[in-house]
Trainee: 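Before we start, here is the structure in question, set down as structure tokens.
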Amino acid sequence: MDTLHAPQDPLLAGLNPEQLTAVTWPAKSALVLAGAGSGKTRVLTTRIAWLLQTGQVAPSGLLAVTFTNKAAREMQTRLASLVPVNVRTMWIGTFHGLCNRFLRTHWRDAGLPQTFQILDSADQQSAIKRLLKALEVSDEKFPPKAVQSFINGQKEAGVRADALSAHDPYTKKLIELYAAYDAQCRREGVADFAELLLRSYEVLAANRALAEHYRARFRHILVDEFQDTNRLQYAWLKLLAGTNNALFAVGDDDQSIYAFRGAEVGNMRALMHDYSVAAPIRLEQNYRSAGNILNAANAVIEQNDGRLGKNLWTDAGEGEELRLYEAYSDGEEAEFIVDEVRALKREGLSLADIAILYRSNAQSRILEHVLVQAGLPYRIYGGLRFFERQEIKHALAYLRLMVNPDDDNALLRVVNVPARGIGARTVEGLLAASREQGVTLWQAACGTGPGNKKLGAFVLLIDKLRERADGLTLAEAISLAIDESGLRAMYEEDKKDGEERLANLDELINAAAGFFPDDPGNALVEFLTAAALEAGEHQAEAGQEALQLMTVHAAKGLEFDAVFVSGLEEGLFPHENSLADNKGLQEERRLMYVAMTRARQRLYLSCAQQRMLHGRSSYPIRSRFVDEVPAELVKVLSARAKPAPQNQRAPWLDAAPSRGDREAASRRSADASGWRIGQSVEHAKFGLGVVINAEGAGDDIRLQINFAEHGVKWLDLRYAKLTPA
DNA sequence: CCGATCTTTATTTTT
DNA sequence: TAAAGATCGG
């Protein structure tokens with residue numbers, strides 16, 4: 001044993017002492033507090049390899065869970081390069097992927113059809129909309145989104161509708177809808193994302209023998225990004241770990257940025273308590289960023305409380321100072337960034353190693369605008385993914401109907417696509433019939449028999465597709481569905497974007513040709529499942545020489561030589577919607593921490609004094625996070641003399657002007673234009689009123705006016721015709 | 001059933 | 001601003 005532990009073992013060579021401790025941790029539970037860039041993935045995969053190599057566990061005795069398919073794939077690839085195992089047979093995957101695998105095996109215990117299909121968020125929402133209609137519930141009082149988040153929230157807490165109760169009628173209704181939604185899913189043979197987890201959990205919880213079987217099997221359970229787990233995921237892990245197995249969790253509480261979708265950082269402390277983990281193993285040596293960047297990030301995150309505590313360090317030297325640029329406007333900020341990118345490129349950096357980060361997607365617009373003008377290639381992460389495109393969804397809907405015609409979502413999606421004369425009234429009738437008879441739309445459609453020729457033809461089409469697909473390869477079957485359904489013809493007619501859609505459909509056929517199912521007899525079901533669970537990367541392949549643009553969230557886990565963190569303004573970053581309580585602010589600060597720790601060599605922070613927001617100019621103040629960075633780590637770049645400096649802002653080292661000052665400044669500029677608060681005015685349309693507020697500067701000024709007859713309105717002086725009264 | 005027009009609203013997002 | 005949703009008219 002000892003020789004295997006020794007660092008001369010090539011597997012363990014090059015690990016630092018803490019990494020070595022984590023990798024060779026005995027067969028008991030542990031919490032690894034892995035800072036950004038501390039070699040987290042390496043530790044995880046090396047530990048698995050070490051466990052296998054030392055014969056402590058067989059490949060089948062190990063369960064490794066991640067959040068994203070990308071992370072799971074990376075783990076598999078790296079593991080395969082370390083030890084000769086067939087990673088495909090191992091239980092390495094996402095929570096959802098593994099639960100799906102479990103449910104496909106134990107579908108009877110789970111009370112699911114063997115070919116159950118998975119609803120993605122959009123599918124789930126349309127299922128809920130349909131339900132609200134069927135139950136004649138006003139979607140104004142109960143917005144589908146709100147119902148959806150209630151249902152998912154409850155499922156993620158492990159709670160079924162029948163376990164809920166409420167006194168207020170609103171919650172009562174929500175619970176009712178939750179129950180009805182689950183009944184609808186059962187009827188149609190579908191499961192949403194949260195259902196995969198909850199159902200797996202329930203099957204294990206209810207079936208002692210089964211749980212014992214898996215507990216006896218998975219002696220080692222390893223979890224990546226543990227700070228992102230929700231309550232149900234942790235409960236599921238606990239169920240599998242029991243009291244004997246080793247739960248080895250890796251995470252970083254400072255990088256917990258998904259509380260808004262149910263992540264519970266508290267699971268980290270809970271794990272330490274539940275599994276008597278005395279102290280986390282801290283990986284604090286950072287192999288990514290220069291010292292100044294780490295010190296700056298440390299200083300920012302230190303402002304949070306309740307941390308498990310961690311201080312990143314590096315032996316790579318201080319590196320450059322951070323750079324701060326305060327622009328006059330969002331446009332000028334973008335120009336500054338583009339100029340710097342050009343300079344970095346001249347210095348020999350690859351565009352692919354430079355990232356521009358922002359808090360919200362809308363900010364990419366102006367950056368794109370300037371980048372296009374500059375002729376710099378860029379790539380934006382986010383947006384529509386392959387399997388979310390409408391033409392792909394349509395094609396998949398036909399395939400889903402072939403597998404399971406009771407999938408009402410799928411039927412409604414394509415029953416009249418392409419148009420085949422089954423309009424709203426026919427569908428209404430079908431919905432009514434299914435409601436009355438308590439059957440699915442398909443069953444109702446079959447029931448009408450020859451009563452409705454058009455519906456009959458649709459039923460026939462699906463039946464025919466199913467029959468003819470038998471014996472075909474996956475790609476052939478999909479091709480058949482696209483042709484015979486009329487989808488191809490429909491997009492051939494479509495002049496606008498038919499060409500692109502056809503190309504995507506061909507891409508779908510290609511994907512099918514390259515898809516290798518575990519059970520070839522079940523290829524279509526497996527393909528549909530994969531399409532739902534792996535909706536496609538956010539086009540994450542690096543490769544081509546292009547500047548990387550993305551939200552801070554999307555940047556988690558990535559690294560770049562140079563990083564621009566843009567839009568560092570109060571209200572934007574931290575976002576105003578998160579300022580209500582300290583929890584929200586602290587999550588924003590973690591987001592800032594994530595953003596900063598993406599940079600290897602150079603980190604730019606930038607903000608603007610004027611920004612277009614929702615179609616108006618806003619005049620935000622610099623983000624508090626900028627001021628949390630120690631001044632000595634920052635080089636302040638002076639604004640290029642471009643627009644006439646209005647009120648020259650205080651130098652960065654001075655105290656930031658308060659909101660009050662800024663408002664005063666705005667008012668002054670309103671005064672300068674000849675209007676003042678309290679003044680009576682007349683408007684051609686709204687009549688008499690009084691100026692009650694003002695904002696803006698220069699020739700971009702808005703006045704808030706209380707009109708005698710039309711109430712309070714904001715008017716833009718550029719357009720509104722006002723006369724003193 | 002489609003397109004034009006209006007109204008409303010405005011983080012972050014994986015599975 | 002600008003995108004999505006609702007509404008209306010043909």
Trainee: Please state whether the rings of A:Y398 and A:F458 are parallel, tilted or perpendicular, taking 30° and 60° as the class boundaries.
Mentor: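 The arrangement is tilted - the two ring planes meet at 30° to 60°.
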Trainee: Nearest to the side chain of A:T94 - B:dT15, B:dT11, B:dT13?
Mentor: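 It is B:dT15.
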Trainee: Can you tabulate the close N/O pairs, meaning under 3.5 Å, that link protein atoms to atoms of nucleotides 3-9 of chain C?
Mentor:
{"from": "C:dA3", "atom 1": "OP1", "to": "A:R365", "atom 2": "NH2", "distance (Å)": "2.9"}

Trainee: Using a heavy-atom cut-off of under 4.0 Å over every strand shown, decide if A:E588 touches base, sugar-phosphate, or nothing.
Mentor: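 Contact class for A:E588: base.
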Trainee: Can you tell me if A:S360 touches the phosphate of B:dA10, counting only side-chain N or O atoms and a distance under 4.0 Å to OP1 or OP2?
Mentor: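 No, A:S360 has no side-chain N/O under 4.0 Å of OP1/OP2 on B:dA10.
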Trainee: Across the strands shown, which category fits A:F95 at heavy-atom distances under 4.0 angstrom: base, sugar-phosphate, nothing?
Mentor: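 Result for A:F95 = nothing.
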Trainee: For A:H614 and B:dT9, give me the distance from atom NE2 to atom P, rounded to whole Å.
Mentor: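 Atom-to-atom, A:H614 to B:dT9, this comes out as 12 Å.
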Trainee: Pick base, sugar-phosphate or nothing for A:D120, based on heavy-atom distances below 4.0 Å to the nucleic acid.
Mentor: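 If one applies the 4.0 Å heavy-atom cut-off, A:D120 turns out to touch nothing in the nucleic acid.
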Trainee: Does the ring of A:F116 carry A:R186 above it, NZ/CZ under 6.0 angstrom from centre and within 45° of its axis?
Mentor: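 So A:R186 doesn't make the cation-pi contact.
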Trainee: Given B:dT15, is OP1 or OP2 found less than 4.0 Å from the side-chain N or O atoms of A:N69?
Mentor: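 Looking at the OP1 and OP2 atoms of B:dT15, one of them is under 4.0 Å from a side-chain N or O of A:N69.
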Trainee: Taking C:dA3 as the reference, what is the distance to B:dT14 when you measure between their C1' atoms (whole Å, please)?
Mentor: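 23 Å, rounded to whole Å.
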Trainee: Which whole-number value in Å describes the distance from A:Y358 OH to B:dA10 P?
Mentor: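 Computing the A:Y358:OH to B:dA10:P distance gives 21 Å.
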Trainee: What about A:S121, does its side chain sit under 3.5 Å from the base of B:dT15 through a donor-acceptor pair?
Mentor: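 In this structure, the two groups form a donor-acceptor pair.
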Trainee: May A:F260 be described as stacking on the base of B:dT13, applying a 5.5 Å centroid limit and a 30° limit on plane angle?
Mentor: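 Taking the rule of under 5.5 Å and under 30°, the ring of A:F260 does not stack on B:dT13.
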Trainee: Rounding to the closest angstrom, what is the interatomic distance between B:dT12 and C:dG5 at atom P?
Mentor: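 Rounded to whole Å, the distance is 15 Å.
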Trainee: Taking the inter-plane angle between the rings of A:F218 and A:Y214 on a 0 to 90° scale, is it parallel (under 30°), tilted (30 to 60°) or perpendicular (over 60°)?
Mentor: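 Ring orientation, 0 to 90° scale: parallel.
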Trainee: Suppose we screen for ring pair (Phe, Tyr, Trp, His ring centres under 6.0 Å). Which residues come up paired with A:F260, at least two apart in sequence or across chains?
Mentor: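 Once residues adjacent in sequence are excluded, the partners of A:F260 under the ring pair (Phe, Tyr, Trp, His ring centres under 6.0 Å) criterion are A:Y258, A:H553.
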Trainee: Is there aromatic stacking of A:H575 against B:dT11, centre distance under 5.5 Å, plane angle under 30°?
Mentor: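 Base of B:dT11: stacked against A:H575.
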Trainee: Can you tell me how far apart CZ (A:F226) and OH (A:Y234) are? Round to the nearest 0.5 Å.
Mentor: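 It is 5.5 Å, given to the nearest 0.5 Å.
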